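Single-structure report; data block below.
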Amino acid sequence: MYAWFVRSVRAGDTHLAEEDWDGYNPVDPVCESTVAFSPLNREPIEVCYFDEQRCPRCLEVTRSRPRARLASVR
């Protein structure tokens, strides 16, 4: 499970991180796990309030993908 963490108020700058984050250690965002950052908040945010702050790459993780329909043709 993931939770939202706010880093700043810039566009696309709210990222997803693991739910078990303790509020003090740096966060490895889902979209770029090699770039850790210290978010401004200490509590996870389940719903990002401002659409323009959401990271498009992190949002892709939260979207449920439609199941592909398989067909067999003879």
Side-chain angles (χ1 to χ4, degrees):
M1 174 110 188
Y2 298 104
W4 285 101
F5 294 95
V6 175
R7 181 168 75 167
S8 75
V9 294
R10 294 185 320 200
D13 217 9
T14 300
H15 301 279
L16 282 173
E18 293 291 337
E19 185 180 37
D20 61 355
W21 176 66
D22 66 3
Y24 295 98
N25 292 324
V27 170
D28 297 322
V30 171
C31 65
E32 187 63 52
S33 61
T34 60
V35 181
F37 67 90
S38 295
L40 297 175
N41 57 304
R42 294 285 177 227
E43 296 292 324
I45 298 172
E46 292 180 21
V47 176
C48 184
Y49 303 110
F50 305 104
D51 289 342
E52 71 276 359
Q53 286 180 285
R54 296 178 182 170
C55 170
R57 289 172 56 194
C58 284
L59 281 176
E60 285 298 315
V61 174
T62 64
R63 291 193 178 115
S64 60
R65 300 195 189 279
R67 293 186 180 192
R69 295 182 182 191
L70 302 176
S72 175
V73 179
R74 293 181 182 218

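Keep in mind that what you see is a predicted model, and the values were worked out from it rather than measured. Hydrogens, waters and symmetry mates play no part in the numbers below; they use all other heavy atoms, side chains included.
Residue pairs meeting the salt bridge (charged side-chain N to carboxylate O under 4.0 Å, His left out) criterion with at least one member in residues 8-17, sequence neighbours excluded: Arg7-Asp13, Arg10-Asp13.
Note that CG of Leu16 and SG of Cys31 are 8.0 Å apart. Values are rounded to the nearest 0.5 Å.
In this structure, Val35 shares a hydrophobic cluster with no other residue, the cluster being traced through Ile, Leu, Val, Met, Phe, Trp and Tyr side chains under 4.5 angstrom apart. In the hydrophobic clustering (ILVMFWY side chains linked at under 4.5 Å, chained through shared members), Tyr24 stands by itself.
For Ala36, the side-chain contact (heavy atoms from CB on, under 4.5 Å) partners at least two apart in sequence or on another chain are Pro26, Asp28. Pro44 meets the side-chain contact (heavy atoms from CB on, under 4.5 Å) test with Ala3, Phe5; sequence neighbours excluded. Residues satisfying the side chain to side chain donor-acceptor pair (under 3.5 Å) criterion with Glu32, sequence neighbours excluded, are Thr34.
Taken together through direct or relayed side-chain contacts under 4.5 Å among Ile, Leu, Val, Met, Phe, Trp and Tyr, Leu59 and Val30 form part of one hydrophobic cluster. Taking hydrophobic clusters as Ile, Leu, Val, Met, Phe, Trp and Tyr residues chained together by side-chain heavy-atom distances below 4.5 Å, Trp21 shares a cluster with Phe37.
Nearest heavy atom pair, residue Val6 against residue Ile45, reads CG2-CD1, 3.3 Å.
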